[in-house]
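Letters go in sequence order (proteins before strands), and every chain restarts at 1.
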Amino acid sequence: MNTPYSFDHDAYAAALHERFGHLTDGEESGVTVKVAGRVMLLRTQGKLAFGTLRDSSGEIQLFALSAVAHEFEAFTKLHLGDWVGVEGEVVRTKRGELSVKVGFWQVLAEARQNFGDKWAGIADFDLRYRHREADLWANPETRISLTRRSQVLQSIRRNLWDQDFMEVETPMLNGIPTGAAARPFVTHHNALGAEFFLRIAPELWLKRLVVGGYERVFEMGRVFRNEGISPRHNPEFTMLELYVAYWDYENMMTLTEELCAKVAMDVLGTTEITYQGREFSFKTGWPRRSMAELASEAVGEDVSVHTPMDRLTKLLNDRDVKVHASWGAGRCLSELFEATAEADIWNPMFVTEHPLEISPLARGHRRDPLLTERFEAFATGRELANGFSELNDPDVQRARFEDQARLAAAGDDEAMQIDHDYIKALEWGLPPTAGLGIGIDRLAMLIADASNIREVIAFPTLKPIREP
RNA sequence: GCGCCUCUAGCUCAACGGCAGAGCAAUGGACUCUUAAUCCACAGGUUUCGGGUUCGAAUCCCGAGGGGCGCACCA
């Protein structure tokens with residue numbers, strides 16, 4: 001089929017409703033516009049035809065009269081989903097529907113595939129995720145969710161730019177996978193003959209930029225973790241990481257809650273959010289409570305990193321958690337927190353003072369050498385953000401890496417590897433610095449009221465279809 | 001990776017051991033103000049795939065594949 005290379009489009013559906021809302025039933029505006037979009041519905045009635053045109057802004061009715069419309073017969077034979085460009089006068093029909101009275105029109109592209117039931121849409125998850133392009137037309141909620149995600153990204157960038165952050169990009173192909181506890185994807189560079197790992201976090205690179213003198217940096221981009229897929233996990237997901245020189249973790253908690261409140265205001269116009277039928281608030285002033293305090297409350301007795309191992313082991317065993325031989329009191333406390341208090345945190349809260357044992361990149365706590373100045377933000381029972389006062393002493397960092405290496409040798413396949421380049425970077429001097437990581441997909445889920453992470457990822461990771 | 005559930009026409013769904021059906025879409029037609037238009041007609045299927053049980057299987061059983069939800073891992 002011969003279709004044009006361009007169309008001189010000059011009007012959007014939503015703008016027409018705004019501009020011509022005043023037209024009375026049967027009134028003609030005398031204004032000619034050129035609209036474009038897909039024909040979503042078509043009703044013919046002898047020498048009349050009504051179509052529903054949908055563009056990125058909304059919908060507007062097309063009103064065709066055989067005496068007026070160019071090639072009226074062909075117009076009545078359009079398929080649902082066809083892209084058309086239409087030139088015509090803006091009118092309101094006798095029955096009160098604002099319309100473009102079709103004059104010249106042309107097919108811009110045909111739809112040869114069906115867009116699903118025009119009332120029920122597409123329900124099949126496989127089809128929706130593998131062919132999001134069809135899902136976007138068939139299910140308006142999909143368009144809203146993905147649009148909200150985009151608005152979240154936009155809001156974060158604008159807010160950080162406004163606070164003098166510099167957006168940077170760091171390598172995704174890494175010789176050593178580090179910056180988090182996770183299993184990596186492995187790939188290979190032919191010319192270098194070298195194994196590379198897709199990044200699991202940009203953390204160490206970003207801190208090296210702070211060493212380099214950029215006092216406020218952020219990166220928002222994809223990280224890759226070779227782990228299970230679930231309604232809350234996609235193997236590639238979007239992480240915001242940011243670092244601020246001269247700050248500690250208390251300052252960073254304040255930034256975190258302010259950023260969330262601003263994003264909610266920018267995207268939804270309120271900090272009061274309904275997630276899966278239940279309310280929570282992104283208003284600032286989130287409680288800041290230590291992990292030990294929350295775990296103690298949950299188990300009904302005082303527990304901390306100073307609690308004897310046999311007691312912690314007993315408490316974990318009571319909750320069907322098996323204690324691994326390599327675990328110390330710190331890991332046990334963290335496991336106890338996860339097994340008890342974590343899932344019940346519905347309203348945003350900062351959990352602070354994580355054990356040093358599970359925080360190899362965080363700076364030791366100024367009041368307790370077994371703890372770190374770290375926080376995690378929880379909301380609706382899930383982790384949303386993680387941050388800390390950054391460990392900036394190269395000797396201490398080397399010792400922490402060595403501890404990790406011992407764990408790796410003992411069979412922990414998520415323990416970090418020693419990054420000598422990073423130690424060397426710290427030897428050039430990292431000022432006191434605080435860092436933050438936010439799982440953007442998780443945040444987008446809250447903003448878009450999505451129960452599954454796939455609803456806020458345009459093309460989620462799926463199993464490739466294997467030929468039998 | 002393990003467990004439970006699921007897969008029927010292009011889409012949404014019936015039929016649940018006894019002739020595979022409907023609505024929408026598509027195709028042909030009627031209709032000068034429709035709103036998921038309506039009406040008439042026509043067409044559409046190795047019931048995801050491969051085995052098995054049975055006189056008879058979409059339906060019961062086994063295996064494979066895709067998907068959903070839990071668990072585990074994690075953000």
Spacing of the [atom1] atoms in [M] and [N] (rounded, Å):
| N | M | atom1 | answer |
| --- | --- | --- | --- |
| B/rU47 | B/rC4 | C1' | 23 Å |
| B/rA75 | B/rG52 | C1' | 46 Å |
| B/rG66 | B/rU8 | C1' | 15 Å |
| B/rC60 | B/rC16 | C1' | 10 Å |
| B/rG17 | B/rG51 | P | 24 Å |
| B/rG23 | B/rC62 | C1' | 36 Å |
| B/rG45 | B/rA14 | C1' | 15 Å |
| B/rA26 | B/rU12 | C1' | 16 Å |

Checklist line | Flag, side chain of A/R199 to backbone of A/G179, donor-acceptor distance under 3.5 Å | finding: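 Between the backbone of A/G179 and the side chain of A/R199 there is no qualifying donor-acceptor contact (under 3.5 Å).
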Fill in: Donor-acceptor under 3.5 Å (A/S150 side chain, A/L146 main chain)
no
Nearest listed nucleotide, side chain of [X], among [options]:
| X | options | value |
| --- | --- | --- |
| A/R454 | B/rA36, B/rG67, B/rU35 | B/rG67 |
| A/A123 | B/rC13, B/rA26, B/rC33 | B/rC13 |
| A/Q45 | B/rU32, B/rG66, B/rC11 | B/rU32 |

G-U wobble or Watson-Crick pairing nucleotide for [N] (cut-off 3.5 Å, both distances):
| N | value |
| --- | --- |
| B/rU48 | B/rA64 |
| B/rU12 | B/rA22 |
| B/rC73 | none |
| B/rA58 | none |
| B/rU38 | B/rA30 |
| B/rU53 | none |

Margin query: Let me spell it out: for each of A/I122 and A/G96, pick the nucleotide of RNA chain B with the closest heavy atom. Which residue's pick is nearer the 5' end?
Written below: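 It is A/I122 whose nearest nucleotide is closer to the 5' end.
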Legend entry - pi-stack flag for A/F125 and B/rG68, centroid dist under 5.5 Å, interplanar under 30°: no
Taking only Lys NZ, Arg NE, NH1 and NH2, and the carboxylate oxygens of Asp or Glu, determine whether A/K314 and A/D318 approach each other closer than 4.0 Å.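 Yes, A/K314 and A/D318 are salt-bridged.
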Side chain A/N452 and base B/rG68 donor-acceptor under 3.5 Å
no
Task: Test log, rule side chain to side chain contact (heavy atoms under 4.5 Å, CB included), inputs A/R216 and A/Y243 - done: CA-CA 6 Å; A/R216 293 179 171 224; A/Y243 292 84; over 6 Å; no
Between A/R143 and A/W137, is NZ or CZ placed under 6.0 angstrom from the six-membered ring centre and within 45° of the ring axis?
yes
Q. Heavy atoms under 4.0 Å, any strand shown: does A/G439 hit a base, just sugar-phosphate, or nothing?
A.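 Nothing: the residue A/G439, judged by heavy atoms under 4.0 Å, touches no strand.
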